[in-house]
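Every chain is numbered from 1, with letters handed out A, B, ... down the list of sequences.
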Amino acid sequence: MIMCVAVVGHQNNPLYLQSFTEADDALKLHHIVHCSLDVVDERVNNPKKSGPTLNETFLGMLYPTENYKVYGYLTNTKVKFLMVTTDLDVKDADVRSFFRRFHAAYVDAVSNPFHVPGKKITSNAFAERVSGIVKSFGPVTTG
Amino acid sequence: MIGVGKMKQYTNVLDKPLSRGRQEVSLSAFAFLFSELVQYNQTQVDNIAELERRLEDAGYAVGARVLELLCHREKGNRRETRLLGILSFVHSTVWKVLFGKVADSLEKGTEHEDEYMISEKELLVNRFISVPKDMGAFNCGAFVAGIVKGVLDGAGFPAVVTAHFVPVDGQQRPRTTILIKFAEEVLRRESRLG
């Protein structure tokens with residue numbers, strides 16, 4: 001179950017934040033996303049030797065009330081995608097394919113000539129595509 | 001894709017399935033659009049420097065988006081952190097996607113450490129443009145310079161990019177050179193990375 005996805009620009013400004021569970025309030029998710037930005041920055045500034053593009057942050061029990069994991073992905077323009085999920089056993093391959101599709105939707109949204117880079121993404125089509133991707137996220141073996 | 005083994009004969013052209021089309025745009029369509037872009041900007045400005053700046057801004061927006069798109073399309077994408085890496089990326093990949101071929105040459109400037117040049121015998125955008133004498137050194141390649149600037153800025157290498165005509169002996173039309181001058185911090189970072 002994905003709780004929320006976020007796109008953060010290269011100056012750590014939020015470009016898009018969408019939550020997919022009604023119960024939680026947006027503020028807590030903002031806070032979670034904000035904290036994980038620090039981890040991303042730390043990984044970027046001290047890269048392991050190969051310097052990969054994909055950046056995964058794996059936070060375990062950050063909140064005492066619930067378990068969740070935050071995954072991150074860094075594009076070539078320092079734009080970060082963050083995804084907060086409550087699944088306990090989500091596979092690496094699933095997350096990667098999720099981010100790949102998310103990246104495709106993001107590239108399409110940015111290619112809009114009316115989109116100002118650095119401003120929030122206001123495209124409805126992007127929001128719908130993201131919801132579609134989130135809905136289809138999940139372990140490949142279901143029932 | 002229709003079954004490779006069987007060939008269906010379509011009596012009516014309307015029955016044929018829509019092809020995906022070649023991933024190309026006709027040169028004349030682009031040349032027309034570009035000429036309109038230049039003409040539109042010409043009416044809005046009083047001097048050449050302003051015109052070049054406007055073309056460059058237009059190219060900048062294109063460059064930023066091209067960077068995002070190419071990095072997504074390239075499988076096994078790696079973030080370019082080295083100067084030579086990003087330069088060769090611009091020189092081959094970006095040029096190939098935009099103009100269908102790689103740029104003619106990539107050179108390092110001799111006078112300054114931070115200057116690099118990408119040359120092209122004939123820029124695609126300049127192919128149908130002849131600049132009148134009274135416009136001096138104006139080059140519509142400012143659009144392409146803007147694209148390169150957009151790509152470099154997005155990738156984290158701030159630079160000043162300009163387009164120049166370089167006369168070559170033996171050719172009546174001068175060669176076009178895109179001059180890239182990187183900012184201080186890029187060189188410092190590059191020397192730090194070793």
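Hydrophobic cluster membership differs between Leu69(B) and Trp95(B), with clusters built from Ile, Leu, Val, Met, Phe, Trp and Tyr side chains linked at under 4.5 angstrom. Hydrophobic clustering (side-chain heavy atoms under 4.5 Å, transitive across Ile, Leu, Val, Met, Phe, Trp, Tyr) groups Leu27(B) together with Leu98(B). The cluster map of Ile, Leu, Val, Met, Phe, Trp and Tyr, joined by side-chain heavy atoms under 4.5 Å apart, puts Ile178(B) and Leu83(B) in the same cluster.
Under a cut-off of 6.0 angstrom, the local environment of CD in Glu184(B) is sparse, with at most 12 non-hydrogen atoms contributed by other residues, nucleotides or ligands. Counting heavy atoms of neighbouring residues, nucleotides and ligands inside a 6.0 Å radius, atom CZ of Phe32(B) does not exceed 12 of them. For Lys121(B), the NZ atom counts as loosely surrounded, since its 6.0 Å shell holds 12 or fewer non-hydrogen atoms of other residues, nucleotides or ligands.
Residue Asp108(A): no heavy atom, backbone or side chain, is found under 4.5 Å from chain B.
Among residues 48-68 of chain B, the residues having any heavy atom closer than 4.5 Å to a heavy atom of chain A are, in sequence order, Arg65(B), Leu67(B), Glu68(B).
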